[in-house]
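What follows is one structure encoded as structure tokens, with my remarks underneath.
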Amino acid sequence: MLEINDLSISIGPHEIVSIEHLSIQAGQRLGLVGESGSGKTMTAMSIIGLLPHDAVVSGSIKISGVEMVNRSERELTEIRGSEVGVIFQDPLRALNPTMRVGKQVGEALRLHKTVPKKDVKRRTVELFEQVQLADGANLIRRYPHQLSGGQRQRVLIAIAIAADPKLLIADEPTTALDVTVQKEILELLQRLSAERGMAVLFVSHDLGVIQAISDEIAVLYGGKLVETGSTELVIGSSRHRYTEALINVNPGHPEDISASLGERLVTIKGSVPAQGGFLSGCRFRGRCPHELDQCAAAPPLTSVSSDHSFRCWNPTELTVLPTSEVVGHGGSDND
């Protein structure tokens, strides 16, 4: 469905993102996780060409075998919505405040899908029902400011899936929502993905959220993938020290937090450096409490199994095999 190879995104003299390989199959949900400044949104938006004008992109991004890099703006406009749907972080900013929400969904239907004018309203109400918005016939007449945060996010999801896209990019779609609504949105996206066979790229800094929705996880730091694999393996048997750190700083679900009341929260030392401020070798070097002198050199890709790889000189466990020695591993260039 989505195949990324040798992707490089640069702004001025700095390479912001460098990903050797990343893929998502139809119906699969991939979580892209990392702190703010790790390059998650830049990676996601590069798929549909929504990058700053001074960004230079090279490599290959294919959707269903169709190359996306160096497409014209007109071609990308046709692909956005029809082939790839996008849910942005802040629905209040993403939605037009001067238009009724039903009309905004209707525009997506008319722009990307052949729907007779007489059927647009009916189809809009159906989409509202699919995203679990009650009383859709009345809701379509409201403006964004008249809806709750959860309702606005569901409207954005309705717009994103209006044209039956093959891939849905969800960029931090639950950050501004309370925990209960957040859970409902995650369950909704899981259901829509399963029902439609729709691939989902879910971007978040919250490893707990990523774990709840994803089949596969890709951990990004400093614009580079440091660990990839199934959710079960990455969470349950993490190898990279940055993944371990993300797991340790996650306080867990609200019902679990009471057990640690009064205890000091775990943090990751320092912050993500500005571009040009990373040390040589492993990108996590300088913040990692387990770094070695060897970490001054770029770590090679190592695979634990056919679907679990990482790059770290001093991993949490050392019983791993080099990628070349793993039988059946079809992606030796996984970054």
Side-chain angles (χ1 to χ4, degrees), residues 1 26-27 29 44-45 47-48 50 63-64 74 76-178 180-203 213:
M1 171 60 244
R29 297 183 299 275
M45 293 301 105
I47 297 170
I48 49 177
L50 292 180
I63 298 175
S64 298
R74 181 176 179 179
L76 288 170
T77 299
E78 293 177 355
I79 291 169
R80 296 170 192 148
S82 58
E83 295 290 320
V84 184
V86 184
I87 308 169
F88 295 101
Q89 178 175 346
D90 187 350
L92 195 57
R93 293 180 62 184
L95 293 169
N96 187 331
T98 68
M99 289 176 59
R100 301 181 195 272
V101 294
K103 186 175 181 180
Q104 296 186 55
V105 177
E107 278 195 344
L109 286 168
R110 289 190 295 271
L111 180 62
H112 299 296
K113 198 173 180 67
T114 304
V115 178
K117 187 175 181 180
K118 63 182 179 65
D119 293 334
V120 168
K121 181 178 179 180
R122 174 187 58 78
R123 180 60 181 144
T124 298
V125 173
E126 288 178 353
L127 282 167
F128 277 10
E129 290 175 352
Q130 289 178 29
V131 298
Q132 298 172 341
L133 277 170
D135 196 19
N138 290 321
L139 208 62
I140 61 174
R141 298 188 55 79
R142 295 187 185 178
Y143 291 91
H145 72 274
Q146 296 175 309
L147 306 180
S148 68
Q151 287 176 318
R152 287 193 290 263
Q153 197 60 281
R154 291 172 192 271
V155 170
L156 270 191
I157 295 172
I159 293 173
I161 67 171
D164 297 320
K166 298 174 183 176
L167 172 66
L168 181 67
I169 298 174
D171 186 13
E172 301 268 14
T174 62
T175 299
L177 304 177
D178 64 51
T180 301
V181 178
Q182 183 182 87
K183 181 180 179 182
E184 292 173 353
I185 295 297
L186 294 176
E187 291 175 346
L188 171 61
L189 292 176
Q190 285 179 311
R191 178 176 61 80
L192 291 171
S193 173
E195 290 176 354
R196 294 166 171 253
M198 179 176 63
V200 176
L201 176 60
F202 195 99
V203 176
I213 192 172

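Not measured: the values here are computed from a predicted model. The chain is numbered in sequence order, starting from 1.
- In this structure a side-chain-to-backbone donor-acceptor pair under 3.5 Å is present from Ser193 to Met198.
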List the steps and the verdict of side-chain contact (heavy atoms from CB on, under 4.5 Å) for Val86 and Met45.
CA-CA 9 Å; Val86 184; Met45 293 301 105; 4.2 Å; yes
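- Listed here is the closest heavy atom pair of Leu167 and Val200: CD1-N, 4.3 Å.
- For the side chain to side chain contact (heavy atoms under 4.5 Å, CB included) test with Arg152, the passing option among Leu92, Ile157, Leu177 is Leu92; the others fail.
- Glu126 CD to Asp119 CG: the interatomic distance, rounded to the nearest 0.5 Å, is 9.0 Å.
- Nearest approach of Ala163 to Gly81, heavy atoms of both residues: CB-O, 3.4 Å.
- Between Pro173 and Val203 the shortest heavy-atom distance is CD-O, 4.2 Å.
- Within a 6.0 Å sphere centred on CZ of Arg191, heavy atoms belonging to other residues, nucleotides or ligands number more than 12.
- The heavy-atom pair separating Phe88 from Leu156 by the smallest distance is O-CD1, 4.0 Å.
- Rounding to the nearest 0.5 angstrom, the gap separating the CD atom in Gln153 from the CD1 atom in Ile87 is 6.5 Å.
- Rounded to the nearest 0.5 angstrom, Ile63 CD1 and Ile79 CD1 are separated by 6.5 Å.
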Please lay out, stage by stage, how Asp164 and Arg196 fare under the test side-chain contact (heavy atoms from CB on, under 4.5 Å).
CA-CA 8 Å; Asp164 297 320; Arg196 294 166 171 253; 2.6 Å; yes
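- Atoms CZ and CG, from Arg29 and Leu168 in turn, are 11.5 Å apart once rounded to the nearest 0.5 Å.
- Here the side chain of Thr124 pairs a donor or acceptor atom with the backbone of Val120 at under 3.5 angstrom.
- Between Thr175 atom OG1 and Gln89 atom CD the span is 4.5 Å, to the nearest 0.5 Å.
- Side-chain contact between Thr98 and Tyr143 is absent, with no heavy-atom pair separated by less than 4.5 Å.
- With hydrogens and angles disregarded, a donor-acceptor distance shorter than 3.5 Å links the side chain of Gln104 to the backbone of Met99.
- Annotation for Arg154 and Val131: closest pair NH1-O, 2.9 Å, computed over non-hydrogen atoms.
- Taken to the nearest 0.5 Å, the CD atom of Gln146 stands 10.5 Å off from the CD atom of Gln151.
- For the pair Leu127 and Leu109, the minimum side-chain heavy-atom distance is below 4.5 Å.
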After noting the C-alpha distance and the side-chain angles of Leu139 and Arg142, does the key distance pass the side-chain contact (heavy atoms from CB on, under 4.5 Å) rule?
CA-CA 5 Å; Leu139 208 62; Arg142 295 187 185 178; 3.6 Å; yes
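- Between Asn96 and Pro144 the shortest side-chain heavy-atom distance does not fall below 4.5 Å.
- In terms of heavy atoms, Ile159 sits closest to Ala108 at CG2-CB, 3.9 Å.
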